[in-house]
Structure formats: C-alpha cells, structure tokens
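First up is the structure itself, then whatever we jot down about it.
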Amino acid sequence: MTKFLGFLGRILLAQIFLVSILFQLAIILQNPSGYESYQVYLGHFGLPGLFAPLMILVQLVFGLALFLGFKTKLSAYILAVYAIFVAVFLKLPDPTPGSGLIGLMQYLAIAGGYITLALHAPTAFSLDNLRKKS
C-alpha cells in the first residue's frame, strides 16, 4: 500500500502544474495573440515577457518528468522553488481581500509537498526505478 500511495502522491503533485500548463498552452494556441496575452498577464505582476517561456518550460518539462518519475528528486525540488515563486509573484499581489494570502499559503503548501516527495524519491512505478534495475 505504501508503494501505491507514494506513486499516487507523485502523480497528484505532478498534475498541479502539468495539467495547468497544458490548458494554458491550449488557450495560447487557439488564439493568434494568445502568447502575447500570456505575457501581458505576467506583466500585470511586474514580470517581463522573458518569464513566459521560462514558466511554460518549467511547468511542462518538470511536470512531465515528475509525472513519469524521471529525475524525481531534481524535478520535485525545481517545482518546489517554482511553487514558491508563483506564491510570491502571482498569488501574493492578488488585490482581492484575503485571497492573496490564501493563494500564498496554498502554493507554500504545494512547495512543502514537493520537498517531501523529493526526500522520499524515487517512488513506485517510476522511470527512476527502471534505471536502477538496469
């Protein structure tokens, strides 16, 4: 049961950013000015346009790596740092009363989950485990 729960935890943590960026990419690709709109959205938080491709890359590459259990420890640490970045730069400035603080706490909790996963990597049903057996 422990093996399955570790696997389930990894999948649930991977989907947070992986599914999110897949939806965002679908929106970007459906609209001719989708990418520029994404850059403008990030600009509202004081982030230059350079952050758009970096954020897409981090979420897609490391979300997928975590989902597959490839370089789980590294991916979990990178996504923990990314979750803290999102908390500070995208959630804290939220002008809605209370929601910025709630978003900040949620993303800090997600970062905690990633750190815990990194400490207990690799999990069952992962590419990391296949490489060990080879």
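Positions are given from 1, in the same order as the sequence printed here.
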Gap separating the [atom1] atom of [X] from the [atom2] atom of [Y], nearest 0.5 angstrom:
| X | Y | atom1 | atom2 | result |
| --- | --- | --- | --- | --- |
| Leu117 | His120 | CG | NE2 | 9.0 Å |
| Met55 | Leu57 | CE | CG | 12.0 Å |
| Ile21 | Ile56 | CD1 | CD1 | 5.0 Å |

For residues [X] and [Y]: do they belong to one hydrophobic cluster (side chain heavy atoms under 4.5 Å, members Ile, Leu, Val, Met, Phe, Trp, Tyr)?
| X | Y | result |
| --- | --- | --- |
| Val86 | Ile110 | yes |
| Ile78 | Val88 | yes |
| Ile115 | Leu8 | no |
| Leu64 | Tyr77 | no |
| Leu54 | Leu90 | no |

Item to complete: Could you give me the CA-CA distance, side-chain angles and deciding distance for Leu60 and Leu22, then say whether side-chain contact (heavy atoms from CB on, under 4.5 Å) is met?
Response: CA-CA 8 Å; Leu60 190 59; Leu22 290 175; 3.9 Å; yes
Distance-only check: which donor-acceptor pairs under 3.5 Å involve side-chain atoms of residues 36-50, not counting sequence neighbours?
| residue | atom | partner | partner atom | Å |
| --- | --- | --- | --- | --- |
| Ser37 | OG | Ser33 | O | 2.9 |
| Gln39 | NE2 | Gly49 | O | 3.4 |

Closest non-hydrogen atom pair, [X] against [Y]:
| X | Y | value |
| --- | --- | --- |
| Ala111 | Ile84 | CB-CG1, 3.7 Å |
| Tyr35 | Pro53 | OH-CD, 3.0 Å |
| Ala124 | Phe7 | O-CD1, 3.6 Å |
| Ile16 | Tyr114 | CB-OH, 4.0 Å |

Geometric class of the Phe51/Phe85 ring pair [parallel <30°, tilted 30-60°, perpendicular >60°]: parallel
Besides Val81, the hydrophobic cluster formed by Ile, Leu, Val, Met, Phe, Trp and Tyr side chains linked at under 4.5 Å, directly or via other members, contains none
The remaining residues in the hydrophobic cluster of Phe23, counting side-chain heavy-atom contacts under 4.5 Å among Ile, Leu, Val, Met, Phe, Trp and Tyr, are Val19
Residue pairs passing the side-chain hydrogen bond (donor to acceptor under 3.5 Å, both in side chains) test with at least one member in residues 6-16, sequence neighbours excluded, are Arg10-Thr123
Here the side-chain hydrogen bond (donor to acceptor under 3.5 Å, both in side chains) pairs for residues 48-59, sequence neighbours left out, are Gln59-Tyr82
Could you give the side-chain donor-acceptor pairs of residues 66-76 under 3.5 Å, partners two or more places apart or in another chain?
| residue | atom | partner | partner atom | Å |
| --- | --- | --- | --- | --- |
| Thr72 | OG1 | Gly69 | O | 3.3 |
| Thr72 | OG1 | Asp128 | OD2 | 2.7 |
| Ser75 | OG | Lys71 | O | 3.0 |

